[in-house]
There are 2 protein chains.
Amino acid sequence: MARRNSNIADDSVARTALLDAAERLLVEEGYAAVTSRRVSAEAGVNNGLVYYYFGTMDELFIQLFRRRSEGSLERLRQVLDDPQPLWALWEFTHEATNNAITMEFIALANHRKAIKDEIATYSRAHRSLQLERLTATLRTYGVDSERWPATAILVLMAGTARFLLMEEGFDVQTGHAEAVAVIEREISALEGNRRR
Amino acid sequence: MARRNSNIADDSVARTALLDAAERLLVEEGYAAVTSRRVSAEAGVNNGLVYYYFGTMDELFIQLFRRRSEGSLERLRQVLDDPQPLWALWEFTHEATNNAITMEFIALANHRKAIKDEIATYSRAHRSLQLERLTATLRTYGVDSERWPATAILVLMAGTARFLLMEEGFDVQTGHAEAVAVIEREISALEGNRRR
DNA sequence: GTCTATAGCTGGATAGAC
DNA sequence: GTCTATCCAGCTATAGAC
């Protein structure tokens, strides 16, 4: 019987099935539903394998988060390569799929310290990457970086997008159309209407 | 032995102690820590009383949320009476205290349908009250309501404030100072510097 | 209204056979 | 690597004495 921290291939079938199942449960029923028994049942895999592959449920959550955040940073890179990067970033951030699971992780973080650290690291990397790529772009658009620093613009966009998604989760939409219109108008003023 | 839904005074000592204890646990350890056993222990009250007063844990959460939201709407009313209502609203929304518990309730809502409905109702009431009071104010400030509808401004402010608080919870602060500076500059342009 | 006791369930984690 | 069995903890909720 092998134990955690031994050399377990990251691409084993059972391991992947477990992570996939955990992700599904997390999105559909919230993190409270992500128990070792339910994850293994959902994955069609024996319950003992959860502990064989991850050791603890905490570790499973962490590895799930890492798998997602690597994918997500990779997608962000592609998004920022768009000829209209502000538009692309806005669409990306405003995308519902990412958000449900992100909110679950944030909630999880409130009582799982290890997850908290993972999220912090990821958030900083995410913001850095955006800054790195967009600071120069905004300058070429002629944005006054004193009045409108790139970081401020990014925070306003990200905050608004996430807030809209959060409220939509509760079927609260008051003022959303108007807020979206304002933001998209400002983006258009810099990058023109969205092409493609 | 009385049962739930009988006539139980809302101001009984034990009931209040239980709600207070639940609130404390919710803020400090997250909703997973809010179990009937821990709440009663924290309140210094017998465990059976949780069920005597609330019937189920779901009901306890709901009544806690209601107690808070009534208080919160009342405070919002006062805030909007400030001679500089935009400033006051910004400060209110940007206040850390409210936020920790709000995030917990949002997380809770993901797997407690009844809580979800409570939050939706409250959010709509909150937004309506803001709109009702601020639409006219913004007009007197000379804000062009075509370009900058009151609802859009409220959503942008609320979204940004909550996002900043959320990230601060993870010790992520990149760009926060810049975003705050931009928002406060815009508020100042309408209402002047913050007095008081 | 308050208390004790307990039924009944679900969960994390481990041991050890195969 | 996979599987079964199992220990132990913690939870909701109820029954019923006081």
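Fair warning: this is a prediction, and the values are worked out from it, not measured in the lab. Quick note on labels: first sequence line is chain A, next is B, and so on, each numbered from 1.
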- Stepwise, does the side chain to side chain contact (heavy atoms under 4.5 Å, CB included) test hold for M157(B) with H94(B)? CA-CA 9 Å; M157(B) 274 176 56; H94(B) 200 180; over 6 Å; no
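- A close approach under 4.0 Å does not occur between any side-chain nitrogen or oxygen of S36(A) and OP1 or OP2 of dG11(C).
- The CG-C1' distance, from L25(A) to dT10(C), rounds to 15 Å in whole Å.
- F61(A) has its CZ atom 12 Å from the P atom of dG11(C), to the nearest Å.
- Straight-line distance from the CG atom of L18(A) to the P atom of dT2(D): 9 Å, rounded to whole Å.
- Which of dT2(C), dG11(C), dC3(D) sits closest to the side chain of R38(A) comes down to dG11(C).
- Look at CD on E29(A): it is 14 Å from P on dT10(C), rounded to the nearest Å.
- Judged by the 6.0 Å and 45° rule, R185(A) forms no cation-pi pair with W90(A).
- Straight-line distance from the CG atom of N46(A) to the P atom of dT6(D): 15 Å, rounded to whole Å.
- For Y51(B), the listed nucleotide lying nearest its side chain is dA13(D); candidates were dC11(D), dA13(D), dA13(C).
- No side-chain heavy atom of L156(B) sits under 4.5 Å from any side-chain heavy atom of L156(A).
- Atom-to-atom, CE of M57(A) to C1' of dA9(D) comes out at 16 Å; the value is rounded to the nearest Å.
- One finds a side-chain N or O of T35(B) lying less than 4.0 angstrom from the OP1 or OP2 phosphate oxygen of dC11(D).
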- Task: Run the numbers on F105(B) and F170(A) for ring-ring contact (aromatic ring centres under 6.0 Å, His included), then give the verdict.
- Result: CA-CA 12 Å; F105(B) 272 116; F170(A) 296 107; over 10 Å; no
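- Out of dC11(D), dT2(C), dT2(D), the shortest distance to the side chain of L49(A) is found at dT2(D).
- Classified by interplanar angle (parallel below 30°, tilted 30° to 60°, perpendicular above 60°), the ring pair F65(A)/Y122(A) is perpendicular.
- If N47(B) and A33(A) are placed on DNA chain C by their nearest nucleotide, the residue sitting closer to the 5' end is N47(B).
- Note on Y52(A): every side-chain N or O is 4.0 Å or more away from OP1 and OP2 of dA13(C).
- Side chain of A14(A), nearest nucleotide from dT2(D), dC11(D), dT2(C): dT2(D).
- Residues R37(B) and S12(B) each lie close to DNA chain C; by heavy-atom proximity, the contact nearer the 5' end of the strand is made by S12(B).
- Rounded to whole Å, atom P of dC11(D) lies 16 Å from atom CG of D58(B).
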